Amino acid sequence: MSELTAKVDYLADLNQAQRDAVTCTDGPIMVIAGPGSGKTRVLTYRISYLIEQGVPPWQILALTFTNKAAKEMRERIEKVVGSRAKYIWAGTYHSIFAKILRIEAAKIGYPPNFTIYDTDDTKSLIGDIISELSLDKQVYNAGQIRARISSAKSNLISPKAYLQQEELMNQDKLNRIPYFQTIYERYVNRCQKAGAMDFDDLLYQMYIMLYRNPENVKEKYQSQFRYILVDEFQDTNYLQYAIVKQLIEYPGSNKNICIVGDDAQSIYAFRGATIRNIFDFESDYPQHRKFKLEQNYRSTEHIVSAANQVIQNNRNQIEKTLWTDESGGNKIRIIKAVSDQEEGKRVADSIVEWKNRAGLANHQFAILYRTNAQSRIVEEQLRRNNIPYKVFGGLSFYQRKEIKDFIAYLRLATNPRDEEALKRVINYPRRGIGESTIQKALEYANEHQITLWEALHHPELLGRSASAVKHFLAVIQSCMEQASTQNAYAAALYIGKASGLLDALKADRTQDGISRLDNVNALLDGIQEYLENDEAVENETGERDLSAYLQTISLLTDQDEEIKNHDFVTLMSVHAAKGLEFHTVFIVGMEENLFPSYMSMADPDQLEEERRLFYVAITRAKRQLILTYATMRYQYGKPRFNDPSRFLEEIDQRHIDTAVTLRNAGPFADGPRILSTIPKLGAKKENKVEVDPAQFKVSPSEEIEVGMEVLHIKFGPGKVLHIDGARDNRVATIEFHNIDDPQRRIMLKFSKLQIIKR
DNA sequence: AACAATATCTTTTTT
DNA sequence: AGATATTGTT
């Protein structure tokens, strides 16, 4: 097939608006793309088109929100233009800028292998600074201080500039945190000294570098990136847009920038994203051309209309209406449950039902929730029904303690100035280096303006633990040598052994200990895979060493996870679901104070963001949408009663399957409650067993012993596995033969059991 | 210094 | 409920 026919082919694939957005290559362009309107298709075809028009791929910069989005885009472009696609610069803001900053590190006084501090590192460092300043840490909450520093950086306010902003300084006084600026300044210093950047620095330092423009580095990148595309523009913050502007604005520039976004899907205002960027773009580039993609190819009419109705309740929005020509389809179902547990059960039952009746596969279902904490209960119920599932988000692999410990060693071996990594592992595994020693060394380091690592080399201040410290330093020293001479895997393996970390894990034979060791081994496997992956990032000299490996993982997202086995039900937060689609979507926890979140209820703007979030959730569904809520749910370990979400009322009844809703006792009606609207198929074990009360004779609880066969009035026959506690507090673990989750713990004092066989 | 017991906080969402 | 921080005990 000639290049020409290929081109004709894919352009024919597009509707008019999409085609215009693809072929209008020069000058500033804005594409407003509703959910399911073929946005990704436009982006990939546009880049393919540019390359076919003769633009060298390395002159194209495509900024996306996740690495996965970038990777998928690249793969789809590759199908059109072949291997040239490898050379386009596509990635997240953070990863692209990290890459550039490493190349240019020398120009801004950072080592090329600088460490990237994650949120935990940042918080722990701020916590240290707060106690060094002897401030009350109830008042100076490390998490809140972190957020405030982050927002200062995102608005390009340096510690020095902050000092001059009277309004901010006054705010701090009013909020009783007058020393905020001092903390901020110290924090920036310490990061610099540790050779570390936090997430915001990757943007902030990039901006500052372009602004100060050492050795004309700005012109270098301006002339390289002739075509810039920004995906999810509604979720960019002030700083991100400011950087893009620096890259695009210079005398004689064509301003070939294409932004793609949807104000209705802006869901990251809480971390500084602002839809004002969209309006600013319009006034910054008055000559821009605007295309609206309003035809939805994803969902049926009921779903699209419901989404439109919901979003109409927001005042701030760009006028547009999503439409579809997929008429009809299933109506939306609303399920009411008495408790969070029952809610999960109903979801699981529905999935079983539809798998049997409609032949759907696991991967066609998604269960979405507002907060990650909600996954636990749903998981329980899915497990009970043997439905395979996968939870995305929450505690990711890289946030597990054992993984962070290991990675801290790896970080230390490539950058011993990394204070957070050093503190994390200096006494893990235990080597008798305690709190007081670290404290002394930290004080010394701050006093003499040196790093913690250097301070530890002064044996006179160490006292009792001097020899332990000396040994530790020697171990790290040898790790550093390995890291600079060996490949990533060999170095990591050496470090795991030399540090004693692997031995410590192996020694722990508990169930948790074994799984921790498995995780660390999985990490080692991951490093091996990294060596074999030909698309992997390499360091400046083209090697796959530890420092290059650490670069690749520090900016991974949960959503970047490779999916191998495909057939499972997806569980994730609504935020994480952005950009995805599923045949059937459950949105659980549709309750006031949860969705919308109680944190947003007081502020109309935040409430609108919650509504946009709901809009995103609805539009993930292709064919079927089920909304569920519970009258009672456990929050903070306490039962809470919430009303059904106000968002439910915003959907017109004609899109709602009232047959289900009525049988369900309805979201707003009172009436007899029917626990299951969906009849159970086949013989399914219930958690109740028929026992004839007339035949039942209670045995005295003190006679019950391990190994006996007993009968329970509700759970039926079972075997006593073991008994803890004594006398009145005896608790038996009994395996019942005829119920769903057979192992139960029963307080013998209260239970009624009949001994069948002693 | 190490470990166990107790108190406190968290949950909004994430690069 | 569960994780983490703090305090107390050996």
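On a predicted model such as this, the values are computed, not experimentally measured, just so you know.
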* To do: Would you kindly give the CZ-to-C1' distance between A/R612 and B/dT13, to the nearest whole Å?
  => 13 Å
* Quick one: A/L594 CG to B/dT13 P, roughly how many Å, whole number? -> 11 Å
* Structure fact -> side chain to side chain donor-acceptor pair (under 3.5 Å) filter on A/E419, not counting sequence neighbours, yields A/R190
* Verify whether one side chain among A/T115 and A/D418 offers a donor that lies under 3.5 Å from an acceptor in the other. => yes
* Asked: Just how far, in rounded Å, is C1' of B/dA1 from NZ of A/K440?
  -> 13 Å
* Asked: Expressed in whole Å, how much space separates the P atoms belonging to C/dT4 and B/dT13?
  -> 15 Å
Show each protein N/O and nucleotides 2-4 of chain B N/O combination with a separation under 3.5 Å, one pair to a line.
from, atom 1, to, atom 2, distance (Å)
B/dA2, OP2, A/N427, ND2, 3.3
B/dC3, OP2, A/R430, NH1, 2.2

* Check side-chain contact (heavy atoms from CB on, under 4.5 Å) between A/A307 and all other residues, then give those that pass, not counting sequence neighbours. => A/Y615, A/I618, A/T619
Close N or O pairs between protein and nucleotides 4-10 of chain C (under 3.5 Å):
from, atom 1, to, atom 2, distance (Å)
C/dT6, OP1, A/K137, NZ, 3.1

* Structure fact -> To the nearest angstrom, the CG-P distance between A/D603 and B/dT13 comes to 18 Å
* Return the value, rounded to whole Å, for the distance between atom CD of A/E379 and atom P of C/dA1. => 17 Å
* Give A/T119 one of three labels, base, sugar-phosphate or nothing, depending on what nucleic acid heavy atoms sit under 4.0 Å from its own. => base
* Sequence neighbours excluded, which residues qualify as side-chain contact (heavy atoms from CB on, under 4.5 Å) partners of A/Q317? -> A/D263, A/I311, A/N314
* **A/F270-A/H575 aromatic ring centre distance below 6.0 Å** => yes
* Residue list, ring pair (Phe, Tyr, Trp, His ring centres under 6.0 Å) with A/Y398, at least two apart or on another chain -> none
* Between atom CG in A/D340 and atom P in C/dA1, what is the gap in whole Å? -> 11 Å
* C/dT6 and B/dT11: how far apart are their P atoms, nearest whole angstrom? -> 16 Å
* Structure fact -> Contacts of A/S95 meeting side-chain contact (heavy atoms from CB on, under 4.5 Å) (sequence neighbours excluded), chain-then-number -> A/N67, A/T92, A/L555
* Asked: Atom CE of A/M572 and atom C1' of B/dT14: how far apart are they, to the nearest Å?
  -> 13 Å
* Rounded to the nearest Å, what distance is computed from the NZ atom of residue A/K68 to the P atom of nucleotide B/dT14? -> 14 Å
* To do: Please name all residues satisfying side chain to side chain donor-acceptor pair (under 3.5 Å) with A/Y389, sequence neighbours left out, ordered by chain then number.
  => A/E379, A/R383
* Asked: Which pairs count as salt bridge (charged side-chain N to carboxylate O under 4.0 Å, His left out) when at least one residue sits in residues 585-595 of chain A, sequence neighbours excluded?
  -> A/E591-A/R633, A/E592-A/R646
* Would you please name every residue forming a side-chain contact (heavy atoms from CB on, under 4.5 Å) with A/A70, sequence neighbours left out? => A/T64, A/A90
* Which pairs with one or both residues in residues 228-242 of chain A pass salt bridge (charged side-chain N to carboxylate O under 4.0 Å, His left out), sequence neighbours excluded? -> A/K39-A/D231, A/K39-A/E232, A/E232-A/K578, A/D235-A/K578
Tabulated below should be each protein N or O lying under 3.5 Å from an N or O of nucleotides 6-12 of chain B; please produce it.
from, atom 1, to, atom 2, distance (Å)
B/dC9, OP1, A/Q138, OE1, 3.3
B/dT11, O3', A/Y598, OH, 2.8
B/dT12, OP2, A/Y598, OH, 3.3
B/dT12, O2, A/R370, NH1, 2.7
B/dT12, O2, A/R370, NH2, 2.2

